[in-house]
Amino acid sequence: MISVVRDVTAAKRAEEDAKQARLAAEASASRLASVLESTTDSVVMLDLEWQVTYANQRALSVLEARGLRLGESLWKAFPEEENGVFAQHYRRALQEQTPVSFEAYLTSHGIWLEVHAYPAPDGLSIFFRDMTEQRAVERERVAAQQQIAHLARHDGLTGLPNRLFFRERLQRSLTEHPQDGRCAVLSLDLDGFTASNDALGHASADKLLRQFAERLQSKLRSTDILAHFGGDEFAILQGPIRQAQHATRLARRIVEALAQPFDVDGHQVSIAASIGIAVDSGEGTTTDELIRGAAVALYTAKTDRRGSYVVFEPGMQKVLRARQAIKAALQQALPRGELELHYQPLVRLSSGEVSCFEALLRWQHPQRGSISPAEFIPVAEESGLILSIGKWALEEACRTAASWPGHISVAVNLSPAQFKADGLVEAVKAALRASGLQPGRLQLEITESLPLEKNGRNLAILQQLRCLGVRIAMDDFGTGHSSLSYLQSFPFDKIKLDQCFVRGLPGSPEAQAIVRAVAGLGATLRMTTVAEGIETEDQLTALRAMGYDEVQGYLFCRPVPAGQIGAAISACRRQIAAAT
Ligand code: C2E
Ligand code: MG
Ligand code: MG
């Protein structure tokens with residue numbers, strides 16, 4: 001017996017090792033498979049022929065739905081992609097043997113996929129997931145962010161840039177490209193917008209603002225910025241401009257553009273704007289200086305040149321300060337007894353006798369002397385002081401008039417602010433009661449700045465006043481914009497033609513035509529007609545010929561203190577006698 005003994009330990013060990021390795025590989029493959037199955041991604045493995053060698057369940061369901069089985073080319077399921085974006089990325093990964101990641105739109109499914117592809121020498125493992133929803137969320141988030149950013153810098157009503165945006169852009173144009181030219185700030189404010197707002201109602205007033213903004217925009221160049229600061233406040237950043245005149249030219253274009261009325265819900269609405277202009281001096285002007293300068297110029301425009309424009313000059317600051325000083329001093333005027341009423345007679349032409357005295361406020365300022373109501377009434381209206389001042393004027397006028405001959409009335413001017421606040425009717429009642437003046441001897445003068453049309457509240461107040469027995473006069477007739485329709489909205493007892501028309505007499509044909517028309521209107525509507533501001537005998541003759549009932553003016557008598565009423569009556573008699 002020949003026996004061959006061979007040590008197979010190594011072989012056995014190798015076999016055992018191989019078995020262990022196989023088992024380990026199988027374990028790791030199954031571990032990998034279970035990982036691939038449990039991942040939220042879809043996984044596909046391809047060989048170099050694009051054939052699908054493996055697909056996890058998630059991916060398989062997609063492939064099978066397109067009629068593809070394992071071992072077939074991926075492009076059988078997605079023929080339209082064979083030369084598309086996906087294929088390009090995969091080819092690159094294989095050629096360069098580097099992983100690629102990308103997002104692409106899968107047209108056949110209408111979805112966005114995020115893809116990671118890992119190459120190996122024998123094929124490609126592709127991990128992908130549907131990003132469509134995240135993309136939509138992301139898009140919404142970006143849109144929301146953009147909208148918030150827009151809202152923070154724009155005004156909701158007009159969609160125009162707001163104050164914040166305006167300041168940023170102004171700052172930028174002042175600092176960034178000074179060599180392009182200088183810039184100008186135009187500050188705008190609508191004249192009488194509050195009245196239009198009251199008359200039209202808020203919704204229509206908003207429409208008016210939008211139309212106004214559109215019309216402004218149409219007058220600007222693409223480099224100009226129109227901003228809405230809220231309410232009736234607008235601003236324009238103009239620039240770059242080479243000369244300061246370019247700013248005034250723009251302002252003129254705007255003023256001209258506003259000559260055409262607006263059509264708001266079928267109503268023709270005329271609106272004017274006052275404009276303040278500040279031009280960059282080119283010597284390091286700051287944002288604040290320009291904005292403040294334009295505001296000061298606007299303030300000046302509103303007081304001196306309504307409906308027009310004013311260019312800022314350093315001296316204006318002083319005027320503004322003076323006005324603020326008036327405001328402060330006016331607070332003390334009433335308690336310190338610095339206010340006084342003067343009385344100016346109205347003469348009835350048929351009898352040549354004084355029929356009424358108009359009470360006109362006078363302020364004796366301790367330093368400045370007498371200040372005109374034209375100067376301090378707007379300040380009083382702005383600060384709300386007009387309420388106490390107006391109440392005082394009513395009481396004082398009634399008290400004084402109670403001592404006059406019974407056929408002479410007293411006229412008191414009312415401010416729209418007194419209608420806006422509560423208690424006007426009560427105040428009138430109280431003044432009549434305290435003085436014992438007969439209601440028929442009190443006349444109240446209102447102007448067209450008091451909104452009546454479509455304003456039930458103001459009409460109701462007038463009616464209540466009328467019910468007390470008081471008479472209502474329309475003052476400064478012809479200076480507002482709604483004259484004729486205004487007269488029809490309430491049965492006034494009296495129309496006072498504004499002085500500016502009398503001033504044109506007897507020379508100006510236009511003034512003559514208007515003055516005559518108002519006389520006719522008064523006769524038709526059975527309202528007493530009064531002409532104000534008569535200074536010459538020629539004017540008196542013309543007015544008498546046109547049939548005016550009453551006249552008032554320096555020709556007869558200037559406003560006088562209460563103590564000189566008797567003398568004023570005599571002076572009027574003398575004047576009338578001399579003139580006839
Ligand atoms: P108004 O009510 O139209 O008063 C007439 C103004 O014309 C008065 O100015 C009067 O002095 C002036 N005047 C009268 N005759 C002539 C004339 O022949 N020539 C010229 N150039 N002027 C004449 P005044 O007193 O300066 O008052 C200005 C305005 O201030 C008044 O205009 C009125 O709107 C307002 N005002 C005066 N007193 C009061 C008041 O107690 N309350 C309110 N709310 N406003 C008042
Ligand atoms: Mg008056
Ligand atoms: Mg007047």
Side-chain angles (χ1 to χ4, degrees), residues 303 322-347 354-405 408-418 421 424 427-428 430-437 441-447 470 473 475-476 496 499 530 532-533 535 552-572:
T303 19
R323 205 175 150 111
Q324 272 152 357
I326 286 196
K327 201 183 249 179
L330 196 55
Q331 305 266 4
Q332 305 301 323
L334 198 52
R336 286 189 184 155
E338 292 165 6
L339 292 182
E340 200 184 342
L341 285 178
H342 281 198
Y343 298 88
Q344 187 181 32
L346 279 74
V347 178
V354 171
S355 62
C356 177
F357 279 95
E358 177 174 7
L360 295 160
L361 273 166
R362 295 293 176 260
W363 178 15
Q364 281 300 328
H365 189 277
Q367 281 89 42
R368 288 189 44 194
S370 181
I371 299 182
S372 153
E375 192 176 342
F376 72 81
I377 297 258
V379 179
E381 285 175 336
E382 228 173 68
S383 62
L385 276 173
I386 190 69
L387 296 180
S388 52
I389 294 178
K391 188 164 175 284
W392 174 83
L394 263 171
E395 287 163 0
E396 176 73 12
C398 289
R399 203 175 52 73
T400 306
S403 66
W404 298 342
I408 298 182
S409 306
V410 67
V412 179
N413 292 284
L414 293 181
S415 150
Q418 290 171 276
L424 176 59
V428 171
L432 288 170
R433 202 182 311 125
S435 62
L437 185 75
R441 288 177 65 200
L442 176 61
Q443 300 179 9
L444 297 174
E445 297 192 0
I446 64 157
T447 64
V470 166
D475 199 1
D476 300 344
K496 296 183 79 174
Q499 329 190 345
V530 186
E532 290 187 85
E535 296 186 358
Q552 175 184 10
Y554 294 170
L555 177 65
F556 307 98
C557 188
R558 289 184 177 251
V560 295
Q564 294 170 28
I565 290 292
I569 294 173
S570 315
C572 287

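This is a predicted model, so every value here is computed, not measured.
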Find the distance between [atom1] ([X]) and [atom2] ([Y]) and round it off to the nearest 0.5 Å.
| X | Y | atom1 | atom2 | answer |
| --- | --- | --- | --- | --- |
| H342 | F357 | NE2 | CZ | 13.0 Å |
| E395 | L432 | CD | CG | 10.5 Å |
| L394 | L442 | CG | CG | 6.5 Å |
| Q443 | L414 | CD | CG | 12.0 Å |
| Q344 | C572 | CD | SG | 8.5 Å |

Residue set satisfying side chain to side chain contact (heavy atoms under 4.5 Å, CB included) with S355, at least two apart, ordered chain then number -> L346, R348, E550

List the steps, then state whether side-chain contact (heavy atoms from CB on, under 4.5 Å) holds for T400 with L341.
-> CA-CA 10 Å; T400 306; L341 285 178; 5.9 Å; no

State, yes or no, whether a side-chain contact exists between R362 and P373 at a heavy-atom distance under 4.5 Å.
-> yes

Which atom names give the shortest non-hydrogen contact between S409 and W404, and what distance separates them?
-> O-CZ3, 3.5 Å

Extract all donor-acceptor atom pairs below 3.5 Å that involve side chains of residues 556-571 and protein atoms in other chains or at least two apart in sequence.
{"unit_1": "S570", "atom_1": "OG", "unit_2": "G566", "atom_2": "O", "d": "3.1"}

Test side-chain contact (heavy atoms from CB on, under 4.5 Å) on N413 and E358 and set out the steps.
-> CA-CA 8 Å; N413 292 284; E358 177 174 7; 2.8 Å; yes

Taking side-chain hydrogen bond (donor to acceptor under 3.5 Å, both in side chains) as the test, write out the residues that go with Q418, two or more places apart.
-> none

side-chain hydrogen bond (donor to acceptor under 3.5 Å, both in side chains) partners for T447, two or more places apart | S449

Pairs of donor and acceptor atoms involving the side chains of residues 326-338, under 3.5 Å and at least two apart or interchain, shall be tabulated with distances.
{"unit_1": "K327", "atom_1": "NZ", "unit_2": "E382", "atom_2": "OE1", "d": "3.1"}
{"unit_1": "E338", "atom_1": "OE1", "unit_2": "W363", "atom_2": "NE1", "d": "3.0"}

Look only at the side chain of R441 and the backbone of V410, and say whether a donor-acceptor pair between them is shorter than 3.5 Å.
-> no

Pairs touching residues 368-381 that satisfy side chain to side chain donor-acceptor pair (under 3.5 Å), sequence neighbours left out = R368-E375, E381-S415

Donor-acceptor pair between Q364 and E340 side chains, under 3.5 angstrom | no

